[in-house]
Amino acid sequence: MIDQAARQRIADNWNSVVEEVHGAASDCGRDPSSVHVIGVSKYVDAELTSALVAAGCHQLGESRPQLLWQKAEEMEAAESIEWHMIGHLQRNKVRRLLRYRPLVHSIDSERILRAIADEASQQGQEIDVLLEVNISGDESKTGLTSAQLVAVLESLPEAGVVVRGLMAMAGWGTDRADAKRHFEQTRDLRDRVQDSTGVQLPELSMGMSGDFREAIEAGATMVRIGSRLFEGLIDRS
Ligand SMILES: *Cc1c(COP(=O)(O)O)cnc(C)c1O
């Protein structure tokens, strides 16, 4: 069991993150309600995740499908949670994952997009997805190149998925100036492919604990915040 001090700490962390995110939006002339905080709960168990939900965070991100569905089954407040799948997804995990109707941020191939579309169609569902782009061009990173992105948008599945926008990661160890450039490039790429393909891509999922300000300045509509929310509660050193 976690104690009252831990609950209070999570609530304080959540409130200060929301305040900073809203402040960052206001600072660059954006409506604070245009930026959603996705609480990335991958570092902690169902109990600490529940404390985060109790503090007011109802959009949760997990990077592994097994952990997402375990928590979705274990947690009492599960109905009030909107799940976000933010890590690499394999086709053999799709069927079970879709029960929890996640927004999938990490579509990094046409194959996985088709697998989700087929399964969702069979289940009579429609799943919102984001296409993950590899803006740095670094081959060790996941995500679609700009050419692959255009190819995917030009031959979207007819049912089962709705593409809502793009997701990008600045990458581990990137300094904030580089991160900012990557986020701006992602936004510019979005603007270009939206024009050239006619597919509307209003959502931009970018920015994490260390670089969410830069992401918000560049137009992020979803920031994925993990470690900042669990400061003082878990040892990540
Ligand atoms: C872990 C993770 C995050 C959160 O990162 P923090 O630096 O802990 O805020 C965001 N996005 C993805 C895809 C992740 O895997």
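Counting starts at 1 for both ligands and their atoms, in listed order.
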At less than 4.0 angstrom from any non-hydrogen atom of [X], what atoms of ligand 1 do you find?
X	answer
I86	11 (N), 12 (C), 13 (C), 14 (C)
S227	6 (P), 7 (O), 8 (O), 9 (O)
G226	4 (C), 6 (P), 8 (O), 9 (O)
Y43	1 (C), 5 (O), 6 (P), 8 (O)
I225	9 (O)

> Among M208, R224, H88, K42, whose heavy atom sits nearest atom 14 (C) of ligand 1?
Replying inline: K42

> Under the 3.5 angstrom rule, does the side chain of D128 hit a backbone N or O of R164 as a donor-acceptor pair?
Replying inline: no

> Quick one: does N15's side chain have a donor or acceptor within less than 3.5 Å of a partner on D12's backbone?
Replying inline: no

[Y] versus [X], side-chain donor and acceptor atoms under 3.5 Å:
X	Y	value
E110	S155	yes
E132	S106	no
Q70	E74	no

>> A quick test of your reading: do over 12 heavy atoms of other residues, nucleotides or ligands sit less than 6.0 Å from CZ of R181?
In response: yes

> With backbone taken as N, CA, C and O and side chain as the heavy atoms from C-beta onward, which portion of H105 lies under 4.0 Å from ligand 1: side chain, backbone, both, or neither?
Replying inline: neither

>> Heavy atoms only, cut-off 4.0 Å: how does M169 contact ligand 1, side chain, backbone, both, or neither?
In response: side chain

